[in-house]
Every structure is written in structure tokens, then in C-alpha cells.
Amino acid sequence: MCSPADPPSSKGRFLLIPLALAQNFLAGGLFFGWASISSTLLLDKNGCGLTPDQVGLIFTLSTSMSFSSPLFLGLILDMHGPRLTSFLSNLIVASGLFLFSTSTSFTTYLVANLLIAAGGPGVQNSLIHLGHILPNRRALLTSCITGAFSLSFTVYALFDYLWSEGYPWRMLFSTYGAVVFASSLASLAFYPDVSYDSVPSKPSTGAPTESTPLTARIQPPSPEPLKVFQNSFAKQFRAPPNSYLRPNPSGALSTHRSFVLSSKALQTGDLTNVSVKDSPFWSQLFSHQFFNVLMFFTLSAFWANFTIGSVTLILSDLNVPDVGYMGREFSVITGMGVLGMPLVGYMLDKHPRQVTAVVTLLLGMGYAVSFLYSLFPLAFWMYSLHRAFLFTYFFTALPQVLGFKYFGILAGVAFLVAGVAQLGIKAVVDYGKGTCHLVDGDAGPDCDRGNWGVVLSLHWLTLAACLSLPVVDHIAQRKEAQAREAVFGTPVFGSKRPTRKKPLTPIRGGDKEEEEEEEEDD
């Protein structure tokens, strides 16, 4: 077992990559294969025997839970590290699978799916820090980890196929639960207690050193709203909620432009020029940078999960034949979004993040148009790539903009807001649905096909409006670059820095990562 005092060797860290990919595949996005079973196993009398309204309610509450749980699990990640977070997250999913395999009522099916949906995001979030194993290809490795999340959508499609071939569905869920439980034990055995994006602070030896002159000295009095927050768990954070500057135990950040800018601003009392990465928690939470990422993620994720919960219903109302097969095809193609991961990783590594944001939105808009005109399976492939790009972009853009100082809790807040928004999915479905899905076989012209055209048009318009967000982000990034230019006296936006005579010494944790962020932000 590894620990902060005895971290794994470089070779040992590389061996964690296949374990992380396997875990995220097994449990990360398991719940989001919902479309494969929503019109078959869940409704069939020989399966779960639920009603369409019950299935819709379970999905709405569970998808909201999947976006709310990262706040709690993010606190655990910030306070106790990836080992405990990964163990608990996998254990929650395993518990849901075991409960699902023994369920006989709507209530127990609901609780089981809430558990499966709650634990999955925690599995993924606890693995994001492993991207620092390959610091020069961090976005690419992160995209591979999130790609494994997408692949897990295919598990329910496999379950539905095996069930149609005569395998008992209760056996499938209980056996899979045992596999995920074993995965949780692997987390305890192999993962570190400290994320690879951070380095534990060294014990204080007295006066501040040259490498950390302000981190130790500048701790302004906490505003009143922070007191309860701090007294409960703030001491466990990588940095106190009221602190300025990023933790800099090795001193490497002292060469980074935004860090130096923040240091000079603090020395002169000019808080307006402190980089948002070096700002206190509440300043980051209410910053326009976080609001930009939050709006992009919340609106895009709403429609992404709306699609999973309603795709078979829309297909039924549109009188598309063999909806059960189409549902499995949708889940499998969605899982194949992993094929686009190398592309999104390359784009994030080589181009400004705003480029990836625009491509992500255009893919979602393409899906809405393709579905509106019944262009299958093109619509499914557009959705698959849109979803793959969306979550990889979010997990890359958030630390690029705000750093890793409060990454866990900020990601949790973003997921919580998105989760609350997704409680509105059922209302949109109720507005869009007709009556054709209630008729077996060919519904004919007499049934109501619903308002899905209006819903899909609203989907397209929402994502089109979101195209303004990367433009605003670009303008804000340019203003920050101009502030740096005023301090350093040389252009820093859109230009390369002079090559250093000596390369940076490779170090563990966030300092190397922060250097790469500075390259991208400049």
C-alpha cells in the first residue's frame, strides 16, 4: 500500500493508469447507460415491472443525484485524498448494484439507482489527479480517463442483451456488484492519500522563506460568513479558504508569471491584480471565470442528460421501429465517444480551451438538428462526441482557469448546480411527450406525436446562446494577459516565452502542472 510518506515509484505510478481506466469503466458512468434498459428490462413484467412514469421519475432524481453527490465527495477528496474518495465511491456503486438485484418495489429500485448514480462521479473525480503522471500530456491522459467513463455506458446495453438471451437479470447485477466491490478494495491497496496535483506542505521552521514570502504572511482576517465553514473542515484543506497565493512548498511557482503578478499585487495592496488562481475560496466561487465555466457546464449537461432519459421515449413517439434495439445502439454509440478522446486531448493540449468549447457546442447543436430530421445513427454519433468533449473540457478548463487550490469543492459546487437544474428534465419531458409511445407496434396517424420538435429546437437555441461564453472567456483571458504585460513590460498574450537556459526540475504535484497552465494562459 502507498502513502504520502512512501509514495509509489515513477514506474508504480504508471501502473496506476490501467487500474484507473478499469475502475472508471466499471463504475464511473454505469448509470448513464440508462437508455438501454429504460424501455425494456425496467418496463417488462418479467423484468422490473415498473411503469413509464416511475422510470421517468427514477431517472430524473438519479441524474440530479449524480450531479449533486460530487460536492460531498469533493469535500472528502480535498480533505482526505483520492484513496478514501475512490474507495467510498466504488463502495456506494456496489451497494446500489446489490440492492437493485434484490429489489421488489419502486422504492427500493429508486434507492438502488440513487446509489449507483451518486457513486459514479466520485469514482471519476478521484482519478483526475492521475493526469499529472504525464505532465506534458496531461489533457490527453485526462481525456482517456474520462473516455473510460463513457465506455461504461455500454455495460447496461450488455446487461439488456444478456437478459434478452435468457440470463437472469438479478444475477447480472449482483455479480457485477461483487466486481465493483473488489475494485473498491483495490483503491485502498494502491492509491495515494495525497493527489498528485499537490505537495504536502512542509512543517513551519520559523520565519517565511524566500520561496514562500507571502503564503506564510498574508492571511487576512476571515469575513464573518467564513467562520462556520472554517471551523468545520477548513484546516483539512490544501489551502485555508481565506488564503492568498497557491501552496508553493518547493518554490517553483515563484518563476510563474501569474504567481509573481499576484505576489507583487499583494505586496503593494493591489488586490485587483491578484490572479484568480491565487485568490481566496469565496473570491474564486463568485468570480466571473467560475460563472463562465458553470453556465457552460450546467446548460450543456442539462441537455446531455435530458437526451439519455428521453431518447427512447422520443423514438417511440416518432414511431421509429424497434425502439429497444435503438436504445441499445444509442448507449453503445455513446460509449464509443471514447474514440474522440485523443482528438479532444490533442485540442486541449495544443490549442486555447475556447476552441474546444466551441467545437463541443457545435457537436451538440448538430445532434439536435440530426435528431429533429431523424438522421440516425448520425444523431447518436454527434451526441456521443458532444458528451465526450463536454466532460473532458470541464475537467480540463476548471483547473486551467482556477487552479487546483480548491478544485474539489468548486467542481462539487458546479455539479450540484447542474444537478439542481436537472430536476427540470421531467417537466421538459412531460411537455414534449405525446401518446404514440403508449401504443404497441405501428401507432398510425391517430396518436399524438408530442412537441418534440419544439423541445429539440429549444435544445439547439440554448447551445447556440452558449457560444457567447467562450468569447467572453477569451476577452477575460486577454485582459489578464494585458495586466501581466503592464507588470513585466513585455507582450505575453499570444506569444511564446523565451526559452529557459535550464529546464525545470521535474517535481511531483501541482507546481509542474501550474507551469503548463501558465504556458497555455500566456
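Aromatic pair Phe87/Tyr191: ring centres not closer than 6.0 Å. When ring centroids are compared, Phe32 and Phe59 stay outside the 6.0 Å threshold.
Between the side chains of Ser36 and Ser331, at least one donor N or O sits under 3.5 Å from an acceptor N or O. Between the side chains of Thr334 and Ser384, no donor-acceptor pair of N or O atoms lies under 3.5 Å. Residues Gln422 and Thr63 bring a donor and an acceptor atom of their side chains to less than 3.5 Å of each other. In this structure, a donor-acceptor pair under 3.5 Å is absent between the side chains of Ser89 and Ser86.
Partner of Trp303 under the side-chain contact (heavy atoms from CB on, under 4.5 Å) criterion, out of Leu390, Leu456, Leu458: Leu458 alone. Of the listed residues (Ile425, Val428, Val429), just one forms a side-chain contact (heavy atoms from CB on, under 4.5 Å) with Ser310, and that residue is Val429. A side-chain contact (heavy atoms from CB on, under 4.5 Å) with Leu172 holds for exactly one of Leu41, Leu162, Leu158, Asp160; it is Leu162.
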One pair to check against ring-ring contact (aromatic ring centres under 6.0 Å, His included): Phe415 and Phe297. What are the steps and the verdict? CA-CA 8 Å; Phe415 270 83; Phe297 181 65; 4.9 Å; yes
If you apply the rule side chain to side chain contact (heavy atoms under 4.5 Å, CB included), what do you find for Phe394 with Phe296, and how did you get there? CA-CA 9 Å; Phe394 172 77; Phe296 183 96; over 6 Å; no
Which is it for Asp473 and Arg353 under the salt bridge (Lys or Arg N to Asp or Glu O under 4.0 Å) test, yes or no, and what are the steps along the way? CA-CA 9 Å; Asp473 182 33; Arg353 60 180 175 269; 3.0 Å; yes
With side-chain hydrogen bond (donor to acceptor under 3.5 Å, both in side chains) as the test, would you mind laying out the steps for Ser187 and Gln23 before giving the verdict? CA-CA 9 Å; Ser187 297; Gln23 284 190 325; 2.8 Å; yes
Mind running side chain to side chain contact (heavy atoms under 4.5 Å, CB included) on Val332 and Phe153 for me, showing each step along the way? CA-CA 7 Å; Val332 171; Phe153 297 2; over 6 Å; no
Determine, stepwise, if the pair Asn319 / Arg449 fulfils side chain to side chain contact (heavy atoms under 4.5 Å, CB included). CA-CA 8 Å; Asn319 203 21; Arg449 298 187 183 276; 3.2 Å; yes
What verdict does the side chain to side chain contact (heavy atoms under 4.5 Å, CB included) test give for Val344 and Val359, after you've listed the backbone C-alpha separation in whole Å, the side-chain angles of each residue and the deciding distance to 0.1 Å? CA-CA 9 Å; Val344 66; Val359 173; over 6 Å; no
With a cut-off of 3.5 Å and sequence neighbours excluded, list every side-chain donor-acceptor pair involving residues 367-377.
| unit_1 | atom_1 | unit_2 | atom_2 | d |
| --- | --- | --- | --- | --- |
| Ser370 | OG | Gly366 | O | 2.8 |

Side chains of residues 111-124: which donor-acceptor partners sit under 3.5 Å, not counting sequence neighbours?
| unit_1 | atom_1 | unit_2 | atom_2 | d |
| --- | --- | --- | --- | --- |
| Asn113 | ND2 | Tyr109 | O | 2.9 |
| Gln124 | OE1 | Asn24 | ND2 | 3.3 |

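Side-chain atoms of Thr102 and Phe173, non-hydrogen and from C-beta on, never get closer than 4.5 Å to each other. For the pair Ile37 and Trp169, the minimum side-chain heavy-atom distance is 4.5 Å or more. Contact of the Leu315 side chain with the Phe330 side chain is not registered, since no non-hydrogen atoms from C-beta on lie closer than 4.5 Å. Within the 4.5 Å cutoff, no side-chain heavy atoms of His351 are placed close to those of Thr356.
Evaluation of the salt bridge (Lys or Arg N to Asp or Glu O under 4.0 Å) test over residues 116-127, restricted to residues two or more places apart or in two chains, returns none.
Geometrically, Arg328 does not engage Tyr156 in a cation-pi contact defined by less than 6.0 Å to the ring centre and at most 45° from the axis.
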